Amino acid sequence: MISLIASAWTGDAYLIPLAFGLLAALGTYDLLQRRHTISRNYPIMANFRYLFEAIGPEIRQYFIQSDTDERPFSREQRTIVYQRAKNILDKRPFGSQLNMYEEGFEWMSHSIVPTQLNICDFRITVGKNCAKPYSTSVFNISAMSFGSLSANAILSLNTGARKGHFYHDTGEGSISRYHRQPGGDLVWEVGSGYFGCRNKDGSFNAERFAENAQLDQVKMIELKLSQGAKPGHGGILPGAKVTPEIAEARGVEVGKDCVSPAAHSEFSTPIEMLEFIDQLRELSGGKPVGFKLALGHAWEWFAIVKAMLKTGRRPDFIVVDGGEGGTGAAPLEFINRLGMPMTDALLLVHNTLVGCNLREDIAIGAAGKITSAFNIARTLALGADWCNSARGYMFSLGCIQAMNCHTGRCPSGVATQDPRRGEKIDVPLKSERVYNFHKNTLEALQNLLQAGGLNHTSELGPEHIIRRVSKTEVSSYLDLFPFIEPDELLHGDTGLTVFDKYWGASNPDSFVPPEFVSKLWETKLR
């Protein structure tokens, strides 16, 4: 009121009274509302607190965070992806910024007699006993659905995959027109919602599965049991977000809630699961079929392996998804505290298959925060045959780690269904960056192998990766982690608690816990 009188007295413009009037209105609202006590006690001023709290993550990321703080990816990790995607200089001056004497620091040992390799396109054959085996790159695009990612993001990823001859996992949202248009290799992920191969009631439809699975573009089928960021959770895509294009890909109705159950309806036991995998292989015309899982109860994993031994049925591959994996949206407890991290899960899967003489029949892929050649090398050294990356390829598309994937307001147009945002992605440009990221990362891997005196990624083993376990001690993975011998699990004790405690008690006919575990659940007296 004072500014209004002063403005009238002096003849000045009314912008200042307008500004004060808006503040007065905000202060009046703050005093009258009842949701926020702080705003009632400190009208107007409290809103500055809410503003700074809202932009706190961005302030830390751009002005405070160091280059090596991994929350969830460091600036250094993101920058190397951006540089390789743009095909620009990715070298560093003046030495490492990492503390090499910090516990947990890892490196790869090199050789006095390095090799000279002519190619960097390292490949692994999956499904050697199938009618249509597939030769996969050691670095591929992990599962991300159309619906989580925008149409132009999917187009860019698949176009880059086609040019670089590596595969693009569809995610459980099935095969959309944007996956098919560029013609890049696909791994079709079939989740519990059976999207793309379902009846109206959500049950599995064999005819629709065969129609999609026999497409030349589909190279392998991946049965999703669980994913690292939210194992055992399931999900729902609200009807308001089920557009005609999403409905077309998933085989659901436009505008109706799209439910992905927490568990599969086609099987409930390990043996039934393996029978379902055999059915999918037959319906696909003999293509490799495997499953993806995040490790949880050890006895459930052992039950699956025992079912393989009992029935003679095998998946062609297993993809281990680490608990550090990403997702568009999941509860905080699931992201932080549920699911086994990739290193431990991969070791358990690899050791189990080796100990049962199944490892040579079943290929292993792995995913979990893999963005660099060293990430690939250490993962392969632990027992994987190839690696997948989701967020790494998102960075190559221009993702800035804004952490808005769940809101639909992704500023880079990658993780959104808002056409105004997604259409801003330039497909020819971004697909080239996807291709460049893959190519330059594999060239970096080639350089690591050469320095290590190796000729192929299959030669990488736990003896090649070293970890600092204290200020004064270092140890190779070979000495640090337990590795069991072929056939050892089938003949006596391994000396490893997880095997000796749960292997003998697991049941190939059921996922139910061992009897001694069930009894523990009945009482707190343990």
Side-chain angles (χ1 to χ4, degrees), residues 70-74 77 139-145 147-149 157 167-173 187-193 220 222-235 260-264 273 290-298 300-301 304 315 317-353 363-372 375-376 378-380 382-395 399 401 403 405-406 414-415 498 511:
E70 299 186 28
R71 299 291 186 274
F73 286 86
S74 70
Q77 290 171 321
F139 189 44
N140 303 286
I141 302 171
S142 197
M144 294 180 285
S145 301
S148 274
L149 300 193
L157 289 171
Y167 79 65
H168 178 193
D169 193 312
T170 65
E172 66 177 312
V187 168
W188 180 18
E189 182 177 273
V190 178
S192 56
M220 301 196 296
E222 176 183 278
L223 183 66
K224 175 192 168 184
L225 303 184
S226 55
Q227 70 181 84
K230 49 180 179 181
H233 186 264
S260 182
H264 281 264
M273 188 191 85
F291 61 86
K292 178 178 84 172
L293 83 167
L295 262 289
H297 294 315
E300 294 179 346
W301 159 242
I304 294 173
F317 65 91
I318 297 171
V319 174
V320 179
D321 206 21
E324 61 270 53
T327 184
L332 180 67
E333 292 85 357
F334 277 69
I335 288 178
N336 287 344
R337 303 295 180 181
L338 199 65
M340 193 180 295
M342 184 189 69
T343 295
D344 306 280
L346 176 57
L347 278 169
L348 183 58
V349 170
H350 173 72
N351 271 331
T352 307
L353 296 180
I364 299 178
K369 293 190 73 173
I370 295 172
T371 56
S372 72
N375 295 153
I376 297 173
R378 74 175 295 276
T379 305
L380 301 185
L382 283 166
D385 292 300
W386 79 87
C387 296
N388 293 337
S389 175
R391 287 169 290 180
Y393 283 100
M394 287 175 67
F395 290 142
C399 166
Q401 195 171 273
M403 312 289 281
C405 310
H406 61 300
V414 176
V498 67
F511 286 116

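Remember, it's a predicted structure, so these values are computed and weren't measured experimentally.
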Straight-line distance of [X] [atom1] to [Y] [atom2], nearest 0.5 Å:
X      : Y      : atom1 : atom2 : result
Ile318 : Leu353 : CD1   : CG    : 5.0 Å
Glu222 : Phe291 : CD    : CZ    : 10.5 Å
Ile141 : Leu157 : CD1   : CG    : 4.5 Å
Met342 : Cys387 : CE    : SG    : 6.5 Å
Thr379 : Trp386 : OG1   : CH2   : 13.0 Å
Phe395 : Gln77  : CZ    : CD    : 8.0 Å

Any side-chain to backbone donor/acceptor pair from [X] onto [Y]? Under 3.5 Å, distance only.
X      : Y      : value
Asn388 : Ser142 : no
Ser389 : Thr371 : no
Asn140 : Tyr167 : yes
Thr170 : Glu189 : yes
Asp385 : Ile364 : yes

Identify the two heavy atoms, one from [X] and one from [Y], that lie closest to each other, and give their separation to 0.1 Å.
X      : Y      : answer
Gly232 : Ala262 : O-CB, 3.8 Å
Ala298 : Val498 : CB-CG2, 3.8 Å
Ala345 : Val320 : CB-CG1, 3.6 Å
Met394 : Ala415 : CE-CB, 4.5 Å

query: Under the side chain to side chain donor-acceptor pair (under 3.5 Å) rule, what pairs show up with a residue in residues 330-353, not counting sequence neighbours?
result: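 Found Trp301-Thr352, Thr343-Arg378, His350-Arg359.
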- request: Could you check if a side-chain atom of Met403 sits within less than 4.5 angstrom of a side-chain atom of Pro72, using non-hydrogen atoms only?
  value: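 When only atoms from C-beta onward are counted, Pro72 and Met403 do touch, with a gap below 4.5 Å.
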- request: Could you tell me whether the side chain of Met273 reaches within less than 4.5 Å of the side chain of His264, counting heavy atoms only?
  value: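 In short, these two side chains do not touch, never coming nearer than 4.5 Å.
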Sole candidate of Ser148, Ser192, Ser145, Ser260 that passes side-chain hydrogen bond (donor to acceptor under 3.5 Å, both in side chains) when paired with Glu172: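 Exactly one candidate clears the test, Ser260.
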task: Salt-bridge test for Lys369 and Glu324: reply yes if a basic N is under 4.0 Å from a carboxylate O, no otherwise.
output: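 Here Lys369 does not pair with Glu324 in a salt bridge, since their nearest N and O are not under 4.0 Å apart.
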